[in-house]
S.K.: 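Take a look at this one; I'll ask things after.
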Protein chains: 2
Amino acid sequence: MTIKKTDFIAEAIEELILKGEFSNGDRLDEIKLGERFGVSRTPIREVFQKLTMSGLVEHFPKRGVFVRQPSPIQILEMFEVMAELEAICGRFAAHTISDESIDMLENANNCCQQAIDEKSETDYYRHNTTFHQIIYKESGNSFLEQEALRLQKRLAPFRRIQLHVRGRMKQSMREHKLIVQALVDGDAANAELTLRDHVAIQGKKFQYLLVELEKNSTKT
Amino acid sequence: MTIKKTDFIAEAIEELILKGEFSNGDRLDEIKLGERFGVSRTPIREVFQKLTMSGLVEHFPKRGVFVRQPSPIQILEMFEVMAELEAICGRFAAHTISDESIDMLENANNCCQQAIDEKSETDYYRHNTTFHQIIYKESGNSFLEQEALRLQKRLAPFRRIQLHVRGRMKQSMREHKLIVQALVDGDAANAELTLRDHVAIQGKKFQYLLVELEKNSTKT
DNA sequence: GTCAATAGTTTAGTATACAAAAATAAATTT
DNA sequence: AAATTTATTTTTGTATACTAAACTATTGAC
């Protein structure tokens, strides 16, 4: 068995939270979740610790664990940090990136373009993720790579929704090309800049969506 | 009770590892540690998960948990990322820092100077830590602050040892003054630069110590 | 003597039982 | 009737019991 059972349950509960079955502030019941997944409280409590560490849930001693969706401000802060982390990766990668990796980046970009042509957000999202992960790896600093991956994963649900913004995918593609060009040129400063902006825009778009959402909810 | 028992045990085991009672690759015995702290396996296993998340220990399914001291390369990588994180904090802080916080930084610096005069490495270390934490906070991005604190904590044992390098404390003080000046000036680019260098030097010094250590160990 | 197979031991993972704390409901007092 | 106290019920945290997997040692075949 290559995947641990508790990891599977952790993923499943994560899904439940993100899909909205549990909303913000809800208490997660050890016993009910145990029954649901056919296990006892012990492994569920293990899973809770994992979720606590990943920030999806908060643990209050002798009280229980509660769903803790990050506030819009926290999400924006995370995007800001993500932009900086990716910028660093780009700056480092510009010095060390290999020809093979450049090819891989261009390949990922082609896949992104194809996804746009086929209007497949899912495919675009996947290849876009790959594109960025290549850059993390090419930073040459595996600790930095791990940190970037961690934050990328945590921001995944929020990055996803802002693909719906009209024309975002096409604009994103153009930015990808600038990033690759900077890396090809070995222009560290430019790689840093283009990557930072590219990611920072996601935070901006997210903010924009929030404002729109706010308008609609207060319209009634 | 403001502090949880498992947190206490986690800290204690962390200490044991750092003090050298357990060395790299050692397996941590759930039962023995339970007896040692007068608890059963359950809370010890909880603590293991915490330690796994903090990276001090590695968990192999159905095998157990093993002490995993980071390799010199990993430590250098972490210092490199720390330097970048602090540089970002400095850049952000330069725009937003308050007069009170400037005062606090200068106060921390005075305490550092006093510690040097009294040749107290412990005091220097403590006030130095405070100095940096003020800058994390003044970044105005609390997520960034948390991430910086996390990595600062993880690097603590390695930062400590390189204070022994002759003259390091005095040089460090001079750098602190440059950092404060950049922040007073609101010079973001300079704050970024001075902070990055200031932290990066710690990695360099650590590397230097490693080489020295290597020489001595192969001399026999 | 070396290797393979198997029995026995140890240890991780999980379920359950129990104790203590918190939340809730009921009862008593003001 | 409101508030405080007391009793009841949940629920968390921990200990223990059990299961299954991994390690060790012994035996047997070549």
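Values reported hereafter were calculated over all heavy atoms of this structure, with side chains retained and with hydrogens, waters and symmetry mates removed. Since the model is a prediction, treat every value here as computed from it, not as a measurement. In what follows, every chain begins at residue 1, and chains take the letters A, B, ... in the order their sequences are listed.
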S.K.: At a heavy-atom distance below 4.0 Å, which nucleotide of DNA chain C is the first touched by chain B, and which is the last?
M.R.: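 Using the under 4.0 Å cut-off, the span is C:dT11 to C:dT14.
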
S.K.: Could you pull out all residues at least two apart from B:Phe143 that satisfy ring-ring contact (aromatic ring centres under 6.0 Å, His included)?
M.R.: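 B:Phe143: no ring-ring contact (aromatic ring centres under 6.0 Å, His included) contacts found.
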
S.K.: Using the side chain to side chain contact (heavy atoms under 4.5 Å, CB included) criterion, which residues pair with A:Ile9? Sequence neighbours excluded.
M.R.: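 Side chain to side chain contact (heavy atoms under 4.5 Å, CB included) list for A:Ile9, sorted by chain: A:Lys5, A:Ile13, A:Phe37, A:Val39, A:Ile44, A:Val47.
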
S.K.: In chain order, what residues pass the side chain to side chain contact (heavy atoms under 4.5 Å, CB included) check against B:Ile201, with sequence neighbours excluded?
M.R.: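 Partners of B:Ile201 by the side chain to side chain contact (heavy atoms under 4.5 Å, CB included) criterion, ordered by chain and then number, come out as B:Arg168, B:Glu175, B:Lys205.
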
S.K.: Listed by chain and number, what are the ring-ring contact (aromatic ring centres under 6.0 Å, His included) partners of B:Phe66, not counting sequence neighbours?
M.R.: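 Once residues adjacent in sequence are excluded, the partners of B:Phe66 under the ring-ring contact (aromatic ring centres under 6.0 Å, His included) criterion are B:Phe60.
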
S.K.: Taking N or O atoms only and anything under 3.5 Å, show me the protein contacts with nucleotides 21-23 of chain D, one pair per line.
M.R.:
residue	atom	partner	partner atom	Å
D:dA22	O3'	B:Arg63	NE	3.3
D:dC23	OP1	B:Arg63	NE	2.6

S.K.: Distance-only check: which donor-acceptor pairs under 3.5 Å involve side-chain atoms of residues 148-159 of chain A, not counting sequence neighbours?
M.R.:
residue	atom	partner	partner atom	Å
A:Arg150	NH2	A:Glu147	OE1	3.1
A:Arg150	NH2	B:Glu147	OE1	2.8
A:Gln152	OE1	A:Gln133	NE2	2.9
A:Gln152	NE2	A:Tyr136	OH	3.4
A:Arg154	NE	A:Ser54	O	3.2
A:Arg159	NH2	A:Gln152	O	2.9

S.K.: Does anything in residues 29-55 of chain B reach DNA chain C, meaning a heavy atom under 4.0 Å, and if so which residues?
M.R.: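 Contacts with DNA chain C under 4.0 Å: B:Glu30, B:Arg41, B:Arg45.
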
S.K.: Between atom CG in A:Asp26 and atom C1' in D:dT11, what is the gap in whole Å?
M.R.: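 Rounding to the nearest Å, CG of A:Asp26 and C1' of D:dT11 are 17 Å apart.
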
S.K.: Name all pairs fulfilling the side chain to side chain donor-acceptor pair (under 3.5 Å) condition that reach into residues 57-66 of chain B, sequence neighbours left out, sorted by first residue then second.
M.R.: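 For residues 57-66 of chain B: B:Glu58-B:Arg68.
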
S.K.: Would B:Arg196 and B:Glu192 pass as an ion pair if we require N to O under 4.0 Å?
M.R.: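 Here B:Arg196 pairs with B:Glu192 in a salt bridge, since their nearest N and O are under 4.0 Å apart.
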
S.K.: Whole Å only: how far is the CG atom of B:Asp7 from the P atom of D:dT14?
M.R.: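 In whole Å, D:dT14 P lies 11 Å from B:Asp7 CG.
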
S.K.: Can you sort out the partners of A:Tyr124 under ring-ring contact (aromatic ring centres under 6.0 Å, His included), two or more places apart, ordered by chain and number?
M.R.: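 A:Tyr124: no ring-ring contact (aromatic ring centres under 6.0 Å, His included) contacts found.
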
S.K.: How would you list, by chain and number, every residue that makes a side chain to side chain contact (heavy atoms under 4.5 Å, CB included) with A:Asp123, sequence neighbours excluded?
M.R.: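 Testing A:Asp123 for side chain to side chain contact (heavy atoms under 4.5 Å, CB included), a comparison that skips the adjacent residues, returns A:Ala115, A:Glu118, A:Ser120, A:Arg126, A:His127.
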
S.K.: Return all side-chain donor-acceptor pairs below 3.5 angstrom for residues 104-112 of chain B, not counting sequence neighbours, or 'none' if the list is empty.
M.R.:
residue	atom	partner	partner atom	Å
B:Asn109	OD1	B:His176	ND1	2.9
B:Asn110	ND2	B:Glu106	O	3.3

